[in-house]
Amino acid sequence: MGTSMSPTTSIDAAAVRRDFPVLSRTVHGKPLVYLDSAATSQKPEPVLAAMDAYYRETNANVHRGVYTMAAEATERFEAGRTAVARLVGAPREGTILTKNASEAINLVAWAWGVRELKAGDEILVTEMEHHSNIVPWQLVAELTDAVVRFAPVTPDGELDLEGLRGMVGPRTRMVALVHVSNVLGTINPVAEVAAIAHEAGALVLADAAQSVPHMPVDFGELGVDFLAFTGHKMLGPTGIGVLVGRPEILGSMRPFLGGGEMIRDVRKEGSSWNDLPWKFEAGTPPIAESVGLGAAVEYLEGVGMDAVRTHEREMARHLVDALSEVPDLTIYGPTDPDRRGAAVSFSLPGVHPHDLAQHLDQDGIAVRAGHHCAKPLMRVLGVPATARASAYLYNDAQDVEALLAAIGRARAYFS
Amino acid sequence: MGGLDDLYQELILDHYRNRRNAGQLDDPTVAVDHNNPLCGDEIHLELRIEGGRLAGVAHSGEGCSISQSSASMMSVALSDRTEDEALDLVEHFRRVMRGDEDADEERLGDAVALEGVAKYPVRVKCALLSWMAAKDAILTRRSEGG
Ligand SMILES: Cc1ncc(COP(=O)(O)O)c(C=O)c1O
């Protein structure tokens with residue numbers, strides 16, 4: 001990434017693209033235009049190479065091994081944790097490797113919620129949550145007779161901060177909210193929400209699945225107690241996610257899953273727990289995945305998270321501008337690129353999102369159609385489904401032009 | 001768009017734009033609501049059953065061109081059939097969608113145009129939604145003995 005680039009396009013998307021082998025494929029004879037990174041990102045060569053090298057060179061189970069390869073495997077596995085902790089400014093002992101973001105949230109819901117919540121206690125989420133940050137709380141509320149409440153979303157798709165403030169009270173024990181919405185793109189004022197919640201004595205969890213991959217995120221600055229995100233959306237592999245937690249809280253929590261690795265001692269009459277972070281990592285962890293995630297973090301650091309955010313602000317602007325040109329098309333969420341990420345949901349009267357996505361696929365364009373795992377939000381928006389185009393560091397203005405042209409063709413086809 | 005035209009035949013687009021039997025009946029014998037949780041497509045289906053025959057079929061709801069045109073075609077294909085004939089035809093259509101049987105044009109009518117959907121596994125559920133609702137409605141009517 002040279003210094004000669006203009007501040008608005010601080011990423012050379014063409015150069016970045018060459019690092020992602022899959023982006024050079026064709027679909028139905030057309031060059032792939034991948035606009036579904038909010039669902040999962042593509043993987044650059046260094047991530048593929050690191051995982052491949054791990055299996056070829058030093059595959060062994062981690063920890064406890066005396067022999068050289070086991071020590072090397074442990075080192076590479078733990079280096080992934082170190083990298084991801086560094087990326088978000090988190091302490092290593094508070095950085096727990098899970099299966100995905102969903103498991104990270106479930107960990108808090110089960111290890112903290114089941115033991116701490118009492119009848120009538122409140123868990124406050126928002127109307128724009130992914131199911132991953134709703135259902136675990138509902139399950140735990142069922143067991144504890146706690147109540148899950150939903151802070152409102154404004155008609156323009158932003159969090160109603162005053163509405164949320166009014167819902168936080170002495171019964172609130174947990175405020176769990178999405179940092180960046182996977183449907184609306186909205187960037188939520190998490191630090192402000194954390195201050196409100198802490199004042200009331202509640203804990204705060206941020207679902208950072210759509211923020212950590214796309215912008216600088218600092219655990220301390222956000223001021224939350226827990227941060228959950230997922231490897232596959234940040235250039236890493238599937239099968240690995242991250243829960244960052246304040247070590248003093250994690251230290252006082254009981255384990256979530258039991259098994260090997262998470263114990264200090266096991267006796268017939270009971271067991272004691274390993275130190276953080278391993279206390280929350282039962283069984284053989286995702287070793288190659290941690291290696292891959294570490295390589296992904298290094299790749300993102302090489303580009304620079306500020307540059308990634310700058311690029312995506314431009315991509316959000318291109319997408320919003322282009323889609324705004326389409327007559328009658330509705331964009332959900334903020335139109336100001338400073339207030340949103342580059343996942344843009346929209347609907348087009350007369351063309352159902354599934355028909356649109358099918359049509360775009362014929363032109364090699366991958367977008368998502370559906371409820372995006374956010375059914376309560378869909379009901380608030382009053383639509384059964386939307387189409388969503390979402391960009392990442394490898395997308396450019398041409399991708400948006402291709403999308404726009406194909407939307408025009410789809411509309412003509414169905415009218 | 002050679003590939004896509006297999007999926008979106010002209011007949012399908014025609015039924016999508018101009019739905020047959022859309023709306024509600026004045027005096028339905030049975031009504032059911034079905035939805036496809038994966039994509040949010042919804043159908044409200046009403047049947048008027050007279051002397052064991054489907055004397056009236058009406059559908060309303062929301063969804064993609066495949067689910068909506070399929071509902072329209074289903075309503076035509078099942079109208080005036082006996083309950084047993086209708087159940088047989090639903091089963092035939094289901095097997096066509098699974099690629100287990102060739103479409104019987106005589107019985108399916110315009111719905112034969114949906115045969116190409118079988119090649120798009122994600123969309124098969126869209127095509128089946130209304131037909132499964134019809135089966136459910138008939139079985140519900142029987143269990144209620146109405
Ligand atoms: C905002 C948000 N939260 C949570 C998740 C869940 O991530 P995962 O499926 O990797 O657990 C997603 C991804 O779909 C998401 O977009």
Side-chain angles (χ1 to χ4, degrees), chain A residues 26-30 36 39 130-131 134-135 183 330 332 345-388 402 405-415, chain B residues 1-19 22 33-45 59-73 97 113-133:
Chain A
T26 57
V27 173
H28 301 302
K30 309 276 173 51
D36 195 22
H130 189 280
H131 296 162
I134 298 173
V135 182
V183 179
T330 304
Y332 301 99
S345 288
F346 58 94
S347 64
L348 192 58
V351 187
H352 188 278
H354 283 99
D355 292 321
L356 180 65
Q358 188 97 55
H359 214 278
L360 296 182
D361 176 61
Q362 206 63 30
D363 283 339
I365 303 173
V367 301
R368 195 144 287 256
H371 53 61
H372 315 294
C373 295
K375 285 199 141 185
L377 177 61
M378 292 290 127
R379 294 198 180 95
V380 169
L381 298 175
V383 290
T386 71
R388 179 187 71 191
I407 288 175
R409 286 192 291 274
R411 166 167 262 182
Y413 192 87
F414 288 102
S415 64
Chain B
M1 292 274 121
L4 264 198
D5 287 337
D6 280 353
L7 178 62
Y8 297 115
Q9 297 216 5
E10 201 42 55
L11 260 177
I12 296 180
L13 294 175
D14 178 55
H15 274 265
Y16 179 48
R17 293 176 190 130
N18 173 21
R19 281 169 225 169
D33 291 289
H34 275 219
N35 68 72
N36 179 346
L38 287 178
C39 61
D41 286 1
E42 290 171 358
I43 181 171
H44 175 77
L45 179 71
H59 60 97
S60 53
E62 273 193 88
C64 64
S65 58
I66 303 297
S67 73
Q68 295 299 298
S69 61
S70 183
S72 171
M73 292 165 167
M97 286 298 107
L114 290 164
E115 199 171 12
V117 176
K119 280 190 273 170
Y120 295 81
V122 227
R123 307 303 294 278
V124 165
K125 280 208 171 69
C126 308
L128 281 177
L129 180 67
S130 55
W131 297 73
M132 292 300 123

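In what follows, chains are A, B, ... by sequence order, proteins preceding strands, each numbered from 1.
Looking only at heavy-atom pairs under 4.5 Å with chain B, the residue among Gln358(A), His28(A), His371(A) that has the most is Gln358(A).
The distance from atom NE2 of His352(A) to atom OH of Tyr16(B), rounded to the nearest 0.5 Å, is 7.5 Å.
Heavy-atom contacts from other residues, nucleotides or ligands closer than 6.0 Å to NZ of Lys125(B) number 12 or fewer. Arg368(A) CZ: 12 or fewer foreign heavy atoms inside a 6.0 Å radius.
In terms of the side-chain hydrogen bond (donor to acceptor under 3.5 Å, both in side chains) criterion, Asn35(B) has no residue partners (sequence neighbours excluded).
Across His354(A) and Arg123(B), no two heavy atoms sit closer than the pair O-NH1, 3.5 Å.
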